[in-house]
Undergrad: 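Below you will find the structure I want to go over with you.
Residue numbering restarts at 1 for every chain, and letters A, B, ... go by the order of the sequence lines.
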2 protein chains.
Amino acid sequence: MNIQSEPSTKDRILDTAERLFSLSGYHSTSLRAITGEAGVNLAAVNYHFGSKESLLEAVIDRRLTPLNKARLEMLATVDRKARAEGRPPAVRDIMSAFIEPTLSFRESTDGARHFIALLGRAIVEPDDTVKKRFLNQMNPIIELMLEMLARAMPSLPAQALIKRFHFTIGSLFFTMHACCDDSMPERMRLKEPLTEELVNFVTAGMEGR
Amino acid sequence: MNIQSEPSTKDRILDTAERLFSLSGYHSTSLRAITGEAGVNLAAVNYHFGSKESLLEAVIDRRLTPLNKARLEMLATVDRKARAEGRPPAVRDIMSAFIEPTLSFRESTDGARHFIALLGRAIVEPDDTVKKRFLNQMNPIIELMLEMLARAMPSLPAQALIKRFHFTIGSLFFTMHACCDDSMPERMRLKEPLTEELVNFVTAGMEGR
DNA sequence: GTCTATACAGAGATAGAC
DNA sequence: GTCTATCTCTGTATAGAC
């Protein structure tokens, strides 16, 4: 545990891997590129993490654990307030509790920005091990949001709710990935701030017509 | 050009690559797996396509060209009809012209289903060559839709329109990818039909509140 | 405990015989 | 068109230096 000295070998690997995974993708980033740029030996990855896949898991867990904690706390606050006022939670507040922590976390540091772009891709990764790791962390939030949304819109059939929530996830994760993506055509480049527009969009879609 | 005999070496490679790229992802699928399953020699890929990347482009182009033609025709019909009636095109009709051909094409054959799942991932691929190939084909449609949407909602600022269209693309592409994805948790599994719910969702989001 | 050097199997790409 | 041989680069594993 270094307090004010150089980052440890392990942290240098994590930081570099996060950046390169985000920029070039998991499979296209070689361990030699990571260790070369981090200035550590190739075998240090195997020593500290065991494999390239375990390294990716470590990259994900390091940021996703506190981020999901923030999301759950915000959802709990929305729920508590609604119960105290004897009303169902508002769709907009549920959406905000998911979106606002994500996008404001993204603005916090350069590393976080890379990580959020990486996460936006993780949900469509074909690699089962990686995706399951990611989905396991997301499951408690998904369950809580679905339960709260069902209370917010009691007359909406369960299947319709699932579909609309699914579309919502698509909007958010694509935004997480693509908002800092330079390869999109100029006209499609997004400008900040995004939170309010995204909350508006998915709230309108959720509540239907 | 074989009419009623066995598929050619080239077509066998295309069909097998389409299925394996969709199931396991581009980078995780080896040329040995493709050529082995297709029953052709490894070097046949290099001979017919030049490289693994060019093979992916061929897989994309074969299906995306006719699909985009159908989308453009449907958009043109919506536009023509609106002009004939002297009114701006309806947001819902524009959304349908993009979504309906995509999802009904997906239902047409097993190969198409695999292809649509692959496309749903292509838009977040980190590989620049692949993504640019894909975006080049999509650009005329994106431009036409943005132009029609601007006429449909003349009071909406351009930046807000871009953002909402972006969120729409996220919903559709995630649906294309994930609707046949078995690794999602049981509660999030989607059931057909999707077209109407998706059109409702993105129309409501587009039109705002 | 940390880290380095190095060996190994599998990948995509390519040249050239047939 | 097809196939073999071979090149480089990848992820992984291990033996041993400090």
Undergrad: Separation of B/Y26 atom OH from C/dG12 atom P, in whole Å?
TA: 9 Å

Undergrad: Please report how far the helix from C/dG1-D/dC18 to C/dC18-D/dG1 bends, comparing the axis fitted to its first five pairs with the axis fitted to its last five, to the nearest 10 degrees.
TA: 0°

Undergrad: Quick one: what's the B/S/- string for nucleotides 2-8 of chain C, heavy-atom cutoff under 4.0 Å, read 5' to 3'?
TA: BBBB---

Undergrad: Figure out the CD1/P separation between A/I34 and D/dC9, and round it to whole Å.
TA: 18 Å

Undergrad: Please list, chain by chain and in numerical order, all residues satisfying side-chain hydrogen bond (donor to acceptor under 3.5 Å, both in side chains) with A/E147, sequence neighbours excluded.
TA: A/R151

Undergrad: Any idea which of C/dT14, C/dG12, D/dT14 is nearest the B/N46 side chain?
TA: C/dT14

Undergrad: What orientation do A/F173 and A/F98 show, parallel under 30°, tilted 30 to 60°, or perpendicular over 60°?
TA: tilted

Undergrad: List for me each residue that meets side chain to side chain contact (heavy atoms under 4.5 Å, CB included) alongside A/A43, sequence neighbours excluded, and say none if there are none.
TA: A/N41

Undergrad: Are there any protein N/O atoms within less than 3.5 Å of an N/O atom in nucleotides 16-18 of chain D, and if so, which ones and at what distance?
TA:
none

Undergrad: Who are the side-chain hydrogen bond (donor to acceptor under 3.5 Å, both in side chains) partners of B/K10, not counting sequence neighbours?
TA: none

Undergrad: Is A/E143 atom CD crowded by more than 12 heavy atoms from other residues, nucleotides or ligands, each under 6.0 Å away?
TA: yes

Undergrad: Given the ring of B/F21, does B/K52 sit roughly above its face, with NZ or CZ under 6.0 Å from the centre of the six-membered ring and within 45° of the axis?
TA: no

